[in-house]
Amino acid sequence: ESESIQLSIELNLSAPPKVMLRSEFNIVPAVVSGRLPEQNMSLKTQMEATNHHKRLAFNAYMENQISSAKSSVVGYTTKPGAPIYLIRNDAFPFRRADGVCSTKSEKDSWVTYHFLPEALVPDDDIITFEPSVTTEKSTIPKFDIPIDDVYFRGLLGDRLLVKDANNTPTLVNVSDAISNTRLIALYFSAHWCGPCRGFTPLLIEFYDYLKNEVAPTHGLELIFVSSDRDEAQFQQYYQKMPFAAIPFSDRPLAQRIKSQFAVQGIPSLVVIDSLSGRIVVPQDESRRLVHQACQMGEPAIERLFLSWLENVPDESRSMIEILELSCAEAENNATKTSENDSIMNSKAESYLRRAEGRHEDGKHTPTSQELLAARVKKIFTKLVAEGTEPNTAGAQAIQQATIECKHSPTTSLDEGLVLGKRQNYSQDDTNFVKIVSEEMYTLHSNDKSLVLGVLVVAKKYIANVQKDPSNPRFRTFRLGNKVFDQITSKLGGVNLLTSLGFSCFHSDVDFMASIPLSMDLELMSTVVEKIIDKYTD
């Protein structure tokens with residue numbers, strides 16, 4: 001005689017099961033929601049931290065989330081040299097991270113950690129303390145900074161004294177002496193001044209660390225403006241400095257510079273943005289800040305330099321971000337396929353890229369990135385010489401150079417056997433705005449500045465694609481790059497972008513975001529603008 005059994009199950013919310021993080025090696029989630037916030041661990045530290053320190057930072061983050069009863073995070077995924085990407089329930093199903101790289105060692109693999117009931121987590125699934133791993137320094141930026149040469153030649157004269165490898169000063173054109181520097185610091189000092197002789201060694205320590213360890217290029221250039229009484233004193237004092245200098249013979253110029261910046265006493269340090277010529281750090285603050293940073297050690301020196309970069313005008317920062325997007329991503333996409341390349345650079349897609357590198361006769365052919373950077377600088381210099389304001393000239397130069405590169409000769413493809421047609425899918429923008437707005441609740445939509453920050457960055461990416469829709473380098477970007485991190489660092493920011501039509505996927509090197517070819521760019525731009533207007537009101 002058969003018997004039927006009725007089984008009832010209900011959740012006992014008063015006694016939730018104890019959970020632990022389970023490790024899944026060489027496994028990645030379907031999508032990530034963002035990275036661990038800056039206040040828990042900075043992006044730079046996340047890239048360099050060991051698994052042990054990453055776990056400590058994640059645990060501290062979760063303790064705060066649980067205590068505030070607003071946690072939607074179910075784990076995280078990371079690997080050496082990558083940020084701590086947070087995941088939620090939409091991260092399932094997981095998949096293997098092999099992709100195009102199946103020969104990676106376990107220590108270099110992606111690992112996904114997710115909460116499971118304690119009974120389902122092996123006893124030996126723990127992260128132990130491990131020594132810090134020294135990571136390679138970030139690569140030097142490949143783009144040229146469009147410095148306002150006309151302004152700085154007018155300020156500093158035609159030539160500067162610059163030290164060579166043997167510490168021998170030689171006269172160099174100003175344009176070459178300050179080439180590709182982000183900040184220019186004028187150091188007003190003299191050998192006869194006691195406080196100057198005390199501050200100069202600290203400034204040398206500050207400069208040497210930045211130049212050798214933090215930013216060999218695209219960093220800070222110091223220029224000594226002497227108040228010495230004679231040539232002998234100048235030579236004796238300058239012999240100890242690694243900086244550039246105004247020649248002592250050009251004393252009227254040095255006096256004019258002092259007057260222009262209202263220097264009343266020495267030592268004095270004035271920090272200037274190289275793109276706009278505006279003062280970034282006033283002289284009454286910079287000397288004190290350098291002194292404090294040197295007392296606190298090398299990490300403090302780097303933090304101070306980065307804080308100065310944050311103080312440059314918004315137009316200069318935007319210009320650098322656009323150059324990074326236009327040139328750095330192009331460099332990444334043009335790199336030869338290797339086992340650490342992303343799927344976007346896989347061998348199967350090499351036919352989509354224009355042949356670059358060398359002619360058959362062995363001569364070098366400039367890459368698209370090199371051509372774009374050179375054109376930007378040339379057009380920028382011409383516009384400034386014609387009287388265009390530097391920030392306006394920078395924006396116009398980037399736009400004009402992009403259009404020129406777009407219409408440069410490319411390799412044509414033969415027609416294949418399969419023919420098709422493209423049809424854009426569009427929907428009513430009002431409904432689109434409604435869908436996107438609903439997603440904002442995940443992003444704590446009551447914080448207008450947070451939502452606006454994500455949308456403003458998204459608008460920049462969409463605008464870049466609109467300039468050149470057929471160019472794949474504008475459509476795909478790493479979640480870990482400096483610009484996109486303004487979105488990734490906000491939990492829910494990636495989800496907001498996917499609701500706008502961006503896609504998110506894992507390339508085995510990093511998580512990537514892209515704007516699919518099927519997306520209606522005009523619709524996306526309209527929606528973003530409408531929501532920005534809504535949150536600005």
Side-chain angles (χ1 to χ4, degrees), residues 7-37 39-41 43 45-99 101-133 442 479-480 488-489 491-492 494-495 504-511:
L7 180 64
S8 298
I9 299 176
E10 62 181 37
L11 292 176
N12 181 7
L13 297 178
S14 63
K18 186 175 181 181
V19 295
M20 292 181 63
L21 285 168
R22 175 165 177 162
S23 309
E24 307 285 359
F25 285 92
N26 211 31
I27 296 293
V28 292
V31 68
V32 296
S33 293
R35 72 163 174 87
L36 196 70
Q39 59 265 31
N40 292 95
M41 181 180 278
L43 175 62
T45 304
Q46 290 183 41
M47 304 289 279
E48 299 175 352
T50 63
N51 279 336
H52 173 72
H53 290 109
K54 287 182 177 181
R55 173 61 62 85
L56 292 177
F58 176 77
N59 287 343
Y61 168 78
M62 288 304 298
E63 286 176 9
N64 178 62
Q65 293 291 300
I66 293 172
S67 63
S68 59
K70 60 181 182 181
S71 175
S72 60
V73 173
V74 298
Y76 69 98
T77 186
T78 190
K79 74 166 187 174
I84 304 169
Y85 289 117
L86 303 176
I87 60 175
R88 301 189 302 193
N89 282 326
D90 58 355
F92 299 94
F94 294 163
R95 70 169 181 83
R96 290 191 63 81
D98 286 330
C101 310
S102 57
T103 59
K104 287 186 175 181
S105 63
E106 185 174 282
K107 68 177 182 178
D108 296 325
S109 298
W110 285 91
V111 185
T112 297
Y113 305 92
H114 60 110
F115 288 114
L116 283 177
E118 187 176 23
L120 299 180
V121 180
D123 293 338
D124 60 353
D125 193 351
I126 57 175
I127 292 181
T128 56
F129 175 79
E130 52 194 285
S132 298
V133 179
T442 306
L479 266 61
T488 313
S489 59
L491 182 61
V494 176
N495 301 79
C504 178
F505 60 95
H506 181 259
S507 71
D508 202 47
V509 170
D510 200 350
F511 282 87

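Owing to the predicted nature of the structure, the values given are computational and were not obtained by experimental measurement.
The shortest non-hydrogen separation linking Pro29 to Val32 is CG-CG1, 4.0 Å. Heavy atoms only, all atoms of each residue included: Met47 and Ala82 are closest at SD-C, 3.8 Å. Nearest heavy atoms, Leu479 versus Thr488: O-OG1, 2.9 Å. Counting all heavy atoms, side chain and backbone alike, Ser109 lies closest to Lys79 at O-CB, 3.3 Å. Shortest non-hydrogen contact noted between Gly480 and Asp510 is N-OD2, 3.7 Å. A pairwise comparison of heavy atoms in Ala30 and Asp90 identifies CB-O, 4.4 Å as the closest pair.
Here the CG atom belonging to Leu21 is positioned 12.0 Å from the CD atom belonging to Glu118, to the nearest 0.5 angstrom. Within the model, atoms CG of Asn40 and CG of Leu56 stand 12.0 Å from one another, a figure rounded to the nearest 0.5 Å. Atom CZ in Phe25 sits 12.5 Å away from atom CZ in Arg96 (nearest 0.5 Å). Within the model, atoms NE2 of His114 and CZ of Phe94 stand 5.0 Å from one another, a figure rounded to the nearest 0.5 Å. Taking CD1 of Ile27 as the start and OH of Tyr113 as the end, the distance is 13.0 Å to the nearest 0.5 Å.
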Show your reasoning for whether side chain to side chain contact (heavy atoms under 4.5 Å, CB included) applies to Val74 and Asn89. CA-CA 7 Å; Val74 298; Asn89 282 326; 3.5 Å; yes
Go through Ser33 and Val73 one step at a time and tell me if the side chain to side chain contact (heavy atoms under 4.5 Å, CB included) criterion holds. CA-CA 9 Å; Ser33 293; Val73 173; over 6 Å; no
Please assess His506 against Tyr85 for the test side chain to side chain contact (heavy atoms under 4.5 Å, CB included), listing each intermediate value before the final yes or no. CA-CA 12 Å; His506 181 259; Tyr85 289 117; over 6 Å; no
Would Gln39 and Tyr61 count as a side chain to side chain contact (heavy atoms under 4.5 Å, CB included) if you check the C-alpha gap in whole Å, the side-chain angles of each, and the deciding distance to 0.1 Å? CA-CA 9 Å; Gln39 59 265 31; Tyr61 168 78; over 6 Å; no
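Here Thr77 pairs with Thr112 under the side chain to side chain donor-acceptor pair (under 3.5 Å) rule; sequence neighbours left out. Considering only residues two or more places apart in sequence or on other chains, Asn59 meets the side chain to side chain donor-acceptor pair (under 3.5 Å) condition with none of them.
Under the 4.5 Å side-chain criterion, counting only non-hydrogen atoms from C-beta, Pro37 is not in contact with Leu491. Counting heavy atoms from C-beta outward, Met41 and Phe58 have side chains that stay 4.5 Å or more apart.
Taking the six-membered ring for Trp and thresholds of 30 and 60 degrees, Trp110 and Phe511 have ring planes more than 60 degrees apart, a perpendicular arrangement.
When each of Arg35, Lys54, Gln46 is paired with Thr78, the side-chain hydrogen bond (donor to acceptor under 3.5 Å, both in side chains) condition holds for Lys54 and for no other.
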